[in-house]
Amino acid sequence: MNFSYYIAKRYLFSPGSSNAINIITIIAASGVVIGAMALFLVLSGFAGLKDFSLQFSSYFDPDLKIFPSSGKTFTFDETQKKKVNQIEEIAHFSEIVEERVYLEFRDKQKITSIKGVDDHYDKVIHTDSIVAYGNWLTGNDFQIVAGNGISRELSMGVEQTYTNLLSIYAPKPGKGIPSDITKAFKSQKVVNVGIYSVNEELDNKYIFATTSFVRDLLDLPEDKVTHIELKLSPDANKELVTEKVLSIFNDEVIIKNRVQLNDALYKMLNTENLVSYLVITLIAIIALFNVAGAIIMMIIDKRSNIKTLYNVGASLPNVRKIFLLQGVLMTVLGTILGLFLGVTLIVLQQQFGLLMITPSLPYPTRITIMSFIVVFFTITTIGFIASLLASSRINTKLIE
């Protein structure tokens, strides 16, 4: 067995000559355990929070979404539809027509967006997962499905008859302002047959209708769309599909995947995760430098033993290595124990909901391999540096 490692292990697990040194060592070891556990809990908590926040995008956002490179609309004719259908990796696609509209229900008004979707939309998006009340569109041009926030703001429920109708106003295409403002808008009356609920932002953003209804409202030709949403097969290569679709539209469109559609949300979550990691790491640095203090106190306590080791032939680097390894062992063992306690708390949270966001919603968590790797290397690196600084205090003056 390596000489320095053997002595370091004996020093670590044998009590010091005074209670003060033993207490300092226990505090240092506890700091390592708590630092590792806290960092693991934060990383697991943010992994769960990220999944929780992004699960809504999996309900609402397609695998790929096609936008016009300029303007609001682009042409999607029968020839292009056939070519898109011939791409094996595309399972389904849906034509979308979207525009800002003015809503009026009884004595309440709201400006929002109307999203016209075709019969294939429920194959691209899990509409059954977002409908909270009522039903999804049945193909009737005079039905809409409203967001939960829009429904509340307009005091509009799910109607079974055509007695309470929602008025939708859309600006007519053209330039200039007409002398009669009433002629600047085209209006239609519809009935709300369902209410969807995804998250607060989306619940206040859209009402859904059929593409034919929205095209008629906006006076758009049948081959014009604002977007096309694609559902890919499970083993599809998104980059390859993107290239094929771009060639069909002669590179005159922009294609975004689900991450790009939620770019701001991903950046926000990643930034919050990084800031939290840095804050906990800073706290861990402060706590782990107790290891340096404990090593220095141990050096002072074992001063006579160090002289003996030096006199029987141990070199100065070997003596330093003893206390370096002692600090590294303390850090590694403390990190492993901290990870074990962290995993235990996360499993208890997942099983029993120890921390609740609402009375029915436990704080989301997720254990990842990356969390283990990040915690282990962060804590052990800090511990190694602290131990190296402490062991470097051993010099010839101390030994002689």
Side-chain angles (χ1 to χ4, degrees), residues 2 4-5 8-9 12-13 27-55 57-58 238-239 257-260 262-263 265-292 294-295 321 323-355 362-391:
N2 183 275
S4 298
Y5 173 74
K9 188 172 67 172
L12 180 63
F13 293 107
I27 292 173
S30 300
V32 176
V33 174
I34 293 172
M37 181 180 67
L39 188 55
F40 183 80
L41 291 176
V42 167
L43 293 178
S44 298
F46 266 96
L49 184 62
K50 186 174 183 178
D51 289 347
F52 179 76
S53 301
L54 296 176
Q55 71 176 336
S57 69
S58 65
K238 291 183 180 180
E239 288 74 17
N257 57 35
R258 190 171 292 157
V259 175
Q260 293 167 330
N262 296 278
D263 186 53
L265 179 59
Y266 273 89
K267 286 182 179 178
M268 181 191 71
L269 292 173
N270 291 334
T271 301
E272 289 179 351
N273 195 5
L274 177 60
V275 170
S276 299
Y277 167 77
L278 294 176
V279 170
I280 299 299
T281 301
L282 179 60
I283 296 172
I285 290 173
I286 297 171
L288 282 169
F289 268 89
N290 286 326
V291 173
I295 297 299
K321 190 177 179 181
F323 293 95
L324 172 63
L325 289 174
Q326 183 183 354
V328 170
L329 282 172
M330 183 189 298
T331 303
V332 171
L333 293 176
T335 301
I336 293 173
L337 179 57
L339 286 170
F340 173 77
L341 293 176
V343 170
T344 301
L345 286 175
I346 293 298
V347 171
L348 290 175
Q349 169 67 16
Q350 292 174 345
Q351 295 296 321
F352 303 105
L354 303 178
L355 180 63
Y363 193 94
T365 58
R366 180 166 64 94
I367 296 174
T368 64
I369 297 297
M370 184 55 65
S371 296
F372 283 98
I373 296 173
V374 170
V375 171
F376 186 83
F377 279 100
T378 299
I379 301 299
T380 54
T381 300
I382 297 171
F384 175 81
I385 294 172
S387 303
L388 184 63
L389 292 175
S391 62

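Because only heavy atoms are used, hydrogens play no part in the values below, and waters and symmetry mates are left out as well, while side chains stay in.
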Can you name the nearest heavy-atom pair linking [X] to [Y], along with the distance?
{"X": "Ala292", "Y": "Ala390", "result": "O-CB, 3.5 Å"}
{"X": "Gln350", "Y": "Thr365", "result": "CG-OG1, 3.2 Å"}
{"X": "Ala36", "Y": "Gly334", "result": "CB-O, 4.5 Å"}

Stepwise side chain to side chain contact (heavy atoms under 4.5 Å, CB included) check, Phe372 with Leu339: CA-CA 7 Å; Phe372 283 98; Leu339 286 170; 4.1 Å; yes

Flag, side chain of Asn290 to backbone of Ala287, donor-acceptor distance under 3.5 Å: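 Answer holds: yes.
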
Exam field: side chain Gln260 to backbone Asn257, donor-acceptor pair closer than 3.5 Å: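 Yes, because the side chain of Gln260 sits within donor-acceptor range (under 3.5 Å) of the backbone of Asn257.
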
For the atom pair [atom1] ([X]) and [atom2] ([Y]), what is the distance rounded to the nearest 0.5 Å?
{"X": "Thr281", "Y": "Leu278", "atom1": "OG1", "atom2": "CG", "answer": "6.0 Å"}
{"X": "Thr378", "Y": "Phe40", "atom1": "OG1", "atom2": "CZ", "answer": "13.0 Å"}
{"X": "Tyr363", "Y": "Ile346", "atom1": "OH", "atom2": "CD1", "answer": "9.5 Å"}
{"X": "Leu288", "Y": "Thr381", "atom1": "CG", "atom2": "OG1", "answer": "10.5 Å"}
{"X": "Ile373", "Y": "Leu43", "atom1": "CD1", "atom2": "CG", "answer": "11.5 Å"}
{"X": "Ile379", "Y": "Ile34", "atom1": "CD1", "atom2": "CD1", "answer": "11.5 Å"}

When you compare the side chain of [Y] with that of [X], does any pair of heavy atoms fall below 4.5 Å?
{"X": "Leu329", "Y": "Gln326", "answer": "no"}
{"X": "Asn273", "Y": "Lys50", "answer": "no"}
{"X": "Thr335", "Y": "Thr331", "answer": "yes"}

Sequence-distant partners of Met37, side chain to side chain contact (heavy atoms under 4.5 Å, CB included), two or more places apart: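 Leu41, Leu341, Leu345.
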
From Leu324, Leu325, Val328, residue fulfilling side-chain contact (heavy atoms from CB on, under 4.5 Å) relative to Ser391: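 Answer to the side-chain contact (heavy atoms from CB on, under 4.5 Å) test with Ser391 among Leu324, Leu325, Val328: Leu324.
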
Within 6.0 Å of CG in Leu282, more than 12 heavy atoms from elsewhere: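 Atom CG in Leu282 is crowded, with more than 12 foreign heavy atoms closer than 6.0 Å.
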
